[in-house]
**Student:** 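Encoded as structure tokens, here's the structure I'll be asking about.
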Amino acid sequence: MTTAVPPLVNAWNEWDPLEEIIVGRADGAAFEPVEPGSRPQLRDGSGGPFPTGPKPDDMVKGANEELDHLAEVLKGYGVTVRRPEAFDYTTSVKAPTFEVSNQYCGVCPRDVLITIGNEIIEATMSRRARFFEYLPYRPLIYHYWNNDPKMVWTAAPKPSMADDMYRQEFWDWPLEKRHAEMHNFEFCVTQDEVVFDAADMSRFGRDVIVQESMTTNRQGINWLRRHLEPKGLRVHTVHFPLDFFPSHIDCTFVPLRPGLILTNPDRPLREGEERLFLDNGWELLDAPTPSTDNHEMPLYCQSSKWLSMNVLSIAPDVVVCEEQEKPMHDLLEERGFEVVKVPFRKVYEYGGSLHCATWDVRRTGGAEDYFPNVKG
Ligand code: ABU
């Protein structure tokens, strides 16, 4: 008699009951360097030089306390929590096709890895400082590979990250030019190589939504389509033309449970793209104004005030939110969610909030079809 081994890797959407998750860690983090894919700027508008080198110990300690606290809260809900290895991101990289003065951090696994069903995909990444960010997660990936015989492991093609992969003048375009170009969806990465960050995807069972952005180009989406569609999935590209610096979909378009997507009122979908959702019975619910305005975000944070939307669903009716985001708590509670509130502001300067700083590996549930009226 053979005994079926329960899967360790299984996640088809963003909301089914959570069983296992990876929470990032801030150890060894460095300030993100200036490079063709990124021009970090101080949040005070001073135009002063962005710091370089290791993040100060107190900033690492503060972020780690919040990440550790999140891990404990999730364990309290019965979730298995694992963490990446400590890693020294302060070292430079000299590859045959690019160099970068230092790397970044291991706080945001969401950008690097995605679970789709029984498969873990390592993204190509889009920035030089993040090229090797998969390494601290490899011991975890080997754990799943060694212990789940049905787990499939895919590393997407590695891009060159050479100078000609980037459109460096993008950073100097005046606002009028960005406005004029907003429907072309051309950003700092050109269209020749396959480029994507995992956080530009959102999972809806048989359907995967991908945002065209600064961190995911059309070739990246083509690769995902050719990879996923033979497995019976459907890949849909979405665009948010008023987001002039789009990077990762999880502060813009956030499914909370079947039939309900949190949307960003500053970043509406390209006209016509809402039909896919409305024709399949999904409600698009605008997020409330965040509790913190853009200019009040932490000095070194490169993300928008819409980190308020970067929530983590641990069940279709339970959502983890940053503790100061009261307007978001109120909206979700009005809609019948239990809102778990955790402090996370010290993590913001590491590129994200609760969704970014986690990577769900196992949720209950399967490949449901939430879009029965897809045309074509
Ligand atoms: N890493 C997510 C940041 C997205 C945003 O700033 O809107």
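Model, not experiment: these values are computed from the prediction. When a residue number appears, it is its place in the shown sequence, counting from 1.
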**Student:** Would Lys55 pass as a cation-pi partner of Tyr350, given that its NZ or CZ must be under 6.0 Å from the six-membered ring centre and within 45 degrees of the axis?
**Tutor:** yes
**Student:** Is the NZ or CZ atom of Arg128 both under 6.0 Å from the centre of the six-membered ring of Tyr104 and within 45° of that ring's axis?
**Tutor:** no
**Student:** So Val342 and Glu322, do their side chains get closer than 4.5 Å, heavy atoms only?
**Tutor:** no
**Student:** Find the distance between CE (Met59) and CG (Leu299) and round it off to the nearest 0.5 Å.
**Tutor:** 7.5 Å
**Student:** Evaluate whether atom NE2 of His179 has more than 12 neighbouring non-hydrogen atoms of other residues, nucleotides or ligands under 6.0 angstrom away.
**Tutor:** no
**Student:** When rounded to the nearest 0.5 angstrom, what distance separates OG1 in Thr364 from CG in Asn10?
**Tutor:** 8.0 Å
**Student:** Mind checking whether Phe277 and Phe253 have side chains closer than 4.5 Å, heavy atoms only?
**Tutor:** yes
**Student:** Quick one: side-chain hydrogen bond (donor to acceptor under 3.5 Å, both in side chains) pairs with a partner in residues 198-207, sequence neighbours left out?
**Tutor:** Glu14-Arg203, Asp200-Gln211, Asp200-Ser213, Asp200-Thr215, Asp200-Thr216, Arg203-Asp360, Asp207-Arg234, Asp207-His236
**Student:** Scan Thr115, Asn118, Leu8, Ile141 and name whichever one has a side chain to side chain contact (heavy atoms under 4.5 Å, CB included) with Met151.
**Tutor:** Ile141
**Student:** If you measure only the distance, is there a donor-acceptor pair under 3.5 Å linking the side chains of Glu119 and His227?
**Tutor:** yes
**Student:** For the NZ atom on Lys150, are there more than 12 heavy atoms of other groups (residues, nucleotides or ligands in this structure) within a distance under 6.0 Å?
**Tutor:** no
**Student:** As an exercise, state the distance from CZ of Arg335 to CG of Asp330, rounded to the nearest 0.5 Å.
**Tutor:** 13.5 Å
**Student:** Mind telling me whether Trp153 and Tyr142 have parallel, tilted or perpendicular rings, with 30° and 60° as the class edges?
**Tutor:** perpendicular
**Student:** Considering residues at least two apart in sequence or located in another chain, which fulfil the side-chain contact (heavy atoms from CB on, under 4.5 Å) criterion with Glu169?
**Tutor:** Arg167, Trp173
**Student:** Any chance the rings of Phe98 and Phe131 have centres within less than 6.0 Å?
**Tutor:** yes
**Student:** Should side-chain heavy atoms under 4.5 Å link Ile, Leu, Val, Met, Phe, Trp and Tyr, which residues sit in the same cluster as Tyr348?
**Tutor:** Met297, Leu307
**Student:** So, taking the atom named CZ in Arg270 and the one named CG in Leu242, what distance separates them when rounded to the nearest 0.5 Å?
**Tutor:** 12.5 Å
**Student:** Indicate whether any N or O donor in one side chain lies under 3.5 Å from an N or O acceptor in the other, for Thr91 and Gln103.
**Tutor:** yes
**Student:** Taking the six-membered ring for Trp, are Phe170 and Phe245 ring centroids under 6.0 Å apart?
**Tutor:** yes
**Student:** Any side-chain donor-acceptor pair under 3.5 Å between Tyr144 and Glu20?
**Tutor:** yes
